[in-house]
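Here is how names work: the chains are called A, B, and so on, in the same order as the sequence lines, proteins then strands, and each is numbered from 1.
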2 protein chains.
Amino acid sequence: MASIKDVAAEAGLSVATVSRVLNDHPSVSEEARTRVLAAVATLGYRPNAVARSLRTDQTRTLGLVISDVLNPYFTELARSVEEEARALGYSVIIGNADERPDLQDHHVRTLLDRRIDGLLVSPTDGGSPLMLDAARGGTPMVFVDRWIRGVDVPVVRADGQSAVQDLVAHLHGLGHRRLAIIAGPAATTTGRERVDAFRAALAAYGIPLPDAYTGQGDFQAESGRRVTEGFLDLPEPPEVVFAADNLMALGALDAIRARGLRVPDDIALAAFDDIPWFVHTDPPITAVAQPTGALGRAAVRALVDRIEGRTPRSVTLPARLVVRRSCGEPPATNRSKP
Amino acid sequence: MASIKDVAAEAGLSVATVSRVLNDHPSVSEEARTRVLAAVATLGYRPNAVARSLRTDQTRTLGLVISDVLNPYFTELARSVEEEARALGYSVIIGNADERPDLQDHHVRTLLDRRIDGLLVSPTDGGSPLMLDAARGGTPMVFVDRWIRGVDVPVVRADGQSAVQDLVAHLHGLGHRRLAIIAGPAATTTGRERVDAFRAALAAYGIPLPDAYTGQGDFQAESGRRVTEGFLDLPEPPEVVFAADNLMALGALDAIRARGLRVPDDIALAAFDDIPWFVHTDPPITAVAQPTGALGRAAVRALVDRIEGRTPRSVTLPARLVVRRSCGEPPATNRSKP
DNA sequence: ATCGCCTGTGTAATCGATTCCACGAGGAGG
DNA sequence: CCTCCTCGTGGAATCGATTACACAGGCGAT
């Protein structure tokens, strides 16, 4: 593969001049410019990003470590992150943690070794020493969706509190009183916050959230199934199951289906994180929708601000409730066929 | 960030010796080894992958350019690719083409600039000059899922022919005679092959595939909706719609639903590419399932073979039919409630 | 005519690693 | 005792870019 020296030789100029043309430095003669450009074209030369990064100490690359690529929420997030980064002149390298702290660490480490300019993380756990050190050590970093307390890192996330209130109001209005939740891992902020928001919203109606009605999941489908089976085995099973993410909702649906029960007639189901597929499930699932694209874009902007020396700001965007049929009577607009 | 020089100074040795310890070169004294390791630990030193790549001319990184991250098929593929690559000591950088040739080129170009060791591509089109040049120019490359004719690049893909035959047999057995297909872009191999396989399978039953029953889609949901509306507007609409990918099947389902029609009673639906969500749609969708994980792993192995000087082999794995309820009477095993 | 400045160019240092080559010490064999 | 190896180590070149610095030539001002 041709290097800058080959181009210089071909153009009959020094590598310095070639470099200047390529980085359009002002003081280059028109003559030199055309000669270099011609040489570049005939050789099919492309600058070596590795060498350039070594010299300039910047890679124009962002790392994104997400918890689970198979979760449509995160893939949409990844897509919007890449889009915004590209618009700002950066590339993105995605690392998938699969909800495993060890894998998360693996990706953070290799990303750091590659000297990425900044890191976007949706932490799977409370934060390994590695990640904490990186954050404190000055690596530009922004948390997205999930975050870690006690580190001075901007957070870009959605606030589901009012949407969860709306959900509980909706459920209460439908006559449901025994409401259960499948929680996410307590090590994640989203795992805890969603339960807290749910409990608070229930409290407003004087409804308690007993331990038996809070199951511990891990944001994966299988745990949703397991927890839901536990709920159904209870002497007095809940009337509603609220899953703290879409994958666990899917598992819950499986478990309910396996018992020959029907949604919403026998038991209602709702989920946090809306995804396109929820429109097409049987029945369509009521969900709290995050502004995923906006989240990804805001996170990139915050990170790039940090990288380029501006002061990044944390951002919190509201989530909203999308009512479908999985909790009972359809919303008025859909009632063409009662 | 500490460099190898700092480690050398801390250990009171030369950079050469430090480097040898780090790459466990045989001729290093035990004494030197422990001193270096101690220095590495106190400084928290991590080798700079950029510098190392520049010197060794290898990045231990694979590029993966996929057509659409939002398609669960491709995200599963990406996951298995990353997994196998990691097992073999490589990292993966994913580029999402969003079914756009210009974006595909953008990603190929930046991956090449980064001097990745090899490229895995599922081409969105017939192949841009850039990609063709790279292939011919000696960049290790393997096509996965889709491929391009006339280039000497190994292909790892699934053969859907017999599964499509099974599908047509299933449909024919259910009494369907007017079968339509939503094709993928003619510029992609999968776009063409799936139509060809379908037409061939129909021919075996003496059923033609008229032009009116072959709609042109682009592998995205919206095109599935549009084409299906066209089918439904026909004086004699088809009894079955077969979508050449899962996203277009989703669009088709939308269009059918919007007319107030029911699947499978009013019209049957089947799809190429099975995904977990198809179990939960209303009704569950009959689909041709690819061995996605195996495909990703085989592709990585072929690419790494090529990179490390062995001779890579093309691989074709069989797809299989998964019958659910979207085409009519459920399979016998599921018939608990007739 | 001289000075200084501006423009365009080249030489060489530099980034952080790897690795070839040279060298000194020590041991084995004659 | 001398020679020859082997082993462990360090010096320095190298990868492909960027960029500080030096410098030559031209031009305007004095």
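- The distance from atom NZ of B:Lys5 to atom P of D:dA12 is 13 Å, rounded to the nearest whole Å.
- Taking only side-chain atoms of B:Ser19, from C-beta outward, the nucleotide of D:dT9, C:dT18, D:dA17 with the closest atom is C:dT18.
- Between the CG atom of B:Asn48 and the P atom of D:dC15 there is a distance of 19 Å, rounded to whole Å.
- For C:dG8, its base never sits under 3.5 Å from the side chain of A:Arg33 at any donor and acceptor pair.
- In this structure a side-chain-to-backbone donor-acceptor pair under 3.5 Å is missing from A:Asn23 to A:His25.
- Heavy-atom nearest nucleotides on DNA chain D were determined for A:Ile4 and for B:His25, and the one closer to the 5' end corresponds to B:His25.
- Remark: A:Arg313 CZ is loosely packed, at most 12 non-hydrogen atoms of other residues, nucleotides or ligands lying under 6.0 Å away.
- Between the CG atom of A:Asp57 and the P atom of C:dA17 there is a distance of 12 Å, given to the nearest Å.
- Side chains of B:Arg114 and B:Thr61 form no contact here, defined as non-hydrogen atoms less than 4.5 Å apart.
- Among the nucleotides C:dA12, C:dG8, D:dG11, the one closest to the side chain of A:Val15 is C:dA12.
- Looking at the side chain of A:Thr17, the nearest of the listed nucleotides C:dC21, C:dG10, C:dA17 is C:dG10.
- Within the nucleic acid shown, B:Leu13 comes within 4.0 Å of sugar-phosphate atoms alone, with no base atom in reach, counting heavy atoms only.
- Rounded to whole angstrom, the span from the CZ atom of B:Arg60 across to the P atom of C:dA17 amounts to 18 Å.
- Inter-axis angle, ends of the helix from C:dA1-D:dT30 to C:dG30-D:dC1, five pairs per end, rounded to 10 degrees: 60°.
- For the pair B:Arg35 CZ and D:dT9 P, the interatomic distance rounds to 8 Å; values are reported in whole Å.
- The two residues A:Ala299 and A:Leu120 come nearest to each other via the heavy atoms O-CD1, 3.8 Å.
- In this model, the phosphate group of C:dG8 is not approached by any side-chain N or O of A:Ser29 to a distance below 4.0 Å at OP1 or OP2.
- Looking at heavy-atom distances under 4.0 Å, A:Ala32 makes contact with sugar-phosphate atoms alone, never a base.
- For the pair B:Leu54 CG and C:dT18 P, the interatomic distance rounds to 12 Å; values are reported in whole Å.
- Nucleic acid contact for B:Ser27: base, since at least one base atom lies under 4.0 Å from a heavy atom of the residue.
- Counted by atom type alone, B:Tyr73 and B:Asp145 present one or more donor-acceptor pairs between their side chains at under 3.5 Å.
- At a cut-off of 3.5 angstrom, the base of C:dT14 holds at least one donor-acceptor pair with the side chain of A:Arg55.
- In this entry the distance linking CG of A:Asp24 with C1' of D:dT18 reads 14 Å, nearest Å.
- No side-chain donor-acceptor contact under 3.5 Å links A:Asp98 to the backbone of A:Arg100.
- The main-chain N or O of B:Ala49 is found under 3.5 Å from a side-chain atom of B:Ser53 such that the two form a donor-acceptor pair.
- In this structure, the CZ atom of A:Arg52 is 18 Å from the P atom of C:dG16, given to the nearest Å.
- With a 6.0 Å radius and a threshold of 12 heavy atoms from other residues, nucleotides or ligands, B:Asp102 has its CG atom above the threshold.
- Backbone-only engagement by A:Asn23 is indicated by non-hydrogen atom pairs under 4.0 Å involving sugar-phosphate atoms exclusively.
- Residue order along DNA chain D, read from the 5' end via each residue's closest nucleotide, puts B:Pro26 first among B:Pro26 and A:Pro47.
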